[in-house]
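All chains are named by letter (A, B, ...) in the order of the sequence lines, taking the proteins before the strands, and each is independently numbered beginning at 1. For the numbers below, each heavy atom of this structure counts, side chains included, while hydrogens, waters and symmetry mates do not.
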Protein chains: 2
Amino acid sequence: MRKLKTSRQPEILDAALAIADERGLEALSMRAVAERVGVTPMALYGYFRNKDELLDGLVGRLLGELVPDDPGQTWQERLGAIAWAIRRLAREHPTVFPLLLLRTSVTPDGVKLVDLAYQALLDAGVPEADVPRVERLMSTFVLGFALSEVSGRFSHASREIRHRRGTDMPAHQRLAGHLTPDDWDAEFADDLADLMRIIRPV
Amino acid sequence: MRKLKTSRQPEILDAALAIADERGLEALSMRAVAERVGVTPMALYGYFRNKDELLDGLVGRLLGELVPDDPGQTWQERLGAIAWAIRRLAREHPTVFPLLLLRTSVTPDGVKLVDLAYQALLDAGVPEADVPRVERLMSTFVLGFALSEVSGRFSHASREIRHRRGTDMPAHQRLAGHLTPDDWDAEFADDLADLMRIIRPV
DNA sequence: ACCTGAACACCGTTCAAGT
DNA sequence: ACCTGAACACCGTTCAAGT
């Protein structure tokens with residue numbers, strides 16, 4: 001297990017992120033990154049053991065863009081800040097964002113974020129034994145929502161359904177007037193409000 | 001846009017699913033599927049326009065394994081049945097499961113599932129205007145939870161954290177005794193119970 | 001310490017052809 | 001109607017070598 005150089009790691013990750021943002025995750029090849037950095041593909045292997053580790057590095061880079069931590073705010077405001085920051089990240093880097101849920105990389109900034117969430121839940125009065133579970137509940141929803149949005153799971157579905165009404169979907173028919181939201185900001189806010197009521201019933 | 005043959009589509013999708021289950025999503029290549037079906041790679045292109053469409057077909061196949069619909073149950077039981085069925089699917093096909101969140105394919109069985117969820121929410125007394133949003137909230141959480149579980153986001157994180165205690169994660173330190181769950185069945189059940197209280201406060 | 005070149009074993013897909 | 005063979009433009013990665 002050789003030792004890795006670190007000197008140009010940030011530069012390489014920047015190049016990788018730029019490629020993914022501009023041309024999609026599929027275009028993110030070792031060869032493309034190398035070309036952008038101005039180096040031979042093999043030179044990258046001095047900085048990352050393989051492509052998987054480069055992707056882990058990318059996840060770390062993304063999480064570094066978050067981390068608000070504005071103490072002096074209420075616990076609701078702090079939890080909300082994390083949630084909206086994650087969603088913003090998804091919209092800024094839609095093609096890389098799925099890696100946050102797919103790859104299991106534990107980065108310092110990620111841990112820091114979880115710690116802030118723990119603290120907010122403690123301040124909210126959630127019993128210590130429940131805090132980690134509730135944090136996972138919240139983060140799972142937030143990550144899932146952001147992913148659904150950028151992957152098109154939400155919008156694509158509701159668009160598609162309008163075409164094939166009828167047949168055997170009685171509930172869809174009854175809800176015909178309510179199937180077209182398209183204000184995801186408002187929906188996300190409503191969802192967060194509902195979830196806050198799990199944490200502490202108002 | 002040529003017309004596709006359908007005759008051997010199910011056979012091809014079975015082969016694809018078997019490969020992914022046995023050797024992972026990365027091993028799922030057109031060439032591997034072709035070999036398993038006993039045919040040249042190019043023969044597949046008579047049944048699916050490209051690999052993406054084959055993956056969409058796979059998503060449809062997975063959703064076909066679900067669809068409980070046991071009327072005569074309470075709305076809680078019906079919603080729970082869907083949630084647990086999705087989670088079971090994730091554990092049976094861990095490497096393909098992420099496609100459900102990543103790919104935006106709208107299949108008949110998927111729509112059917114959503115319709116059942118809508119009906120349960122209506123029966124629960126959720127106002128018509130809120131039903132689609134609450135369904136998205138629930139499905140987002142359930143898919144996200146199942147994905148986090150099979151991708152290792154949950155277990156990996158909690159395992160990792162035990163090593164690097166100390167430093168600057170005060171909340172982690174305070175929660176030291178509660179950071180090791182590992183009974184995900186129980187956690188999923190607790191989460192669903194909390195979410196049901198969003199739908200209808202008891 | 002850092003990088004290169006050539007090579008290996010793979011990919012998805014097109015095109016023209018065969019029965 | 002269904003399938004094949006050869007080819008193209010890609011991949012990630014190893015190995016030996018060069019400064």
Colleague: For A:Ala32 and for A:Met42, locate the closest nucleotide of DNA chain D by heavy-atom distance; then report the residue assigned to the nucleotide nearer the 5' terminus.
Modeller: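 That would be A:Ala32.
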Colleague: Answer with base, sugar-phosphate or nothing: what part of the nucleic acid does A:Tyr47 contact at a heavy-atom distance below 4.0 Å?
Modeller: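 Sugar-phosphate, no base atom in range.
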Colleague: I'd like the C1' distance from D:dA9 over to C:dA9, given in whole Å.
Modeller: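 To the nearest whole Å, 16 Å.
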Colleague: 5' to 3' on DNA chain D, which nucleotides open and close the contacts with chain A (atom under 4.0 Å from a heavy atom)?
Modeller: D:dC11 to D:dC15
Colleague: Under 6.0 Å from the ring centre and within 45 degrees of the ring axis: does the NZ or CZ of B:Arg87 meet both conditions for the six-membered ring of B:Phe188?
Modeller: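 Yes - B:Arg87 lies over the ring of B:Phe188, closer than 6.0 Å to its centre and within 45° of its axis.
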Colleague: Is a side-chain donor-acceptor pair under 3.5 Å present for B:Arg153 with A:Thr140?
Modeller: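 Yes, because at least one side-chain N or O of A:Thr140 sits under 3.5 Å from a partner of the opposite role on B:Arg153.
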Colleague: Quick one: CG on B:Leu143 to CG on B:Leu101, what's the gap to the nearest 0.5 Å?
Modeller: 4.5 Å
Colleague: Is C:dC10 paired to anything, Watson-Crick or G-U wobble with both distances less than 3.5 Å, and if yes, which nucleotide?
Modeller: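 Checking every strand shown, C:dC10 finds no partner, since no pair has both distances under 3.5 Å.
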Colleague: Below 4.0 angstrom, N of the basic side chain to O of the carboxylate: do A:Arg136 and B:Asp191 qualify?
Modeller: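 Judged by the 4.0 Å cut-off on N to carboxylate O distance, A:Arg136 and B:Asp191 do not form a salt bridge.
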Colleague: Do B:Glu65 and B:Arg61 sit within salt-bridge range, that is, some charged N less than 4.0 Å from a carboxylate O?
Modeller: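 Here B:Glu65 pairs with B:Arg61 in a salt bridge, since their nearest N and O are under 4.0 Å apart.
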Colleague: Return the nucleotide paired to D:dG5: Watson-Crick means purine N1 to pyrimidine N3 with N6-O4 or O6-N4, wobble means G-U with N1-O2 and O6-N3, both under 3.5 Å.
Modeller: C:dC15
Colleague: Please check if the distance between the ring centroids of B:Phe154 and B:Phe145 is under 6.0 Å.
Modeller: yes
Colleague: Say you pick atom P in D:dC2 and the same atom in C:dA16; how far apart are they, in whole Å?
Modeller: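 Here D:dC2 and C:dA16 have their P atoms 22 Å from each other.
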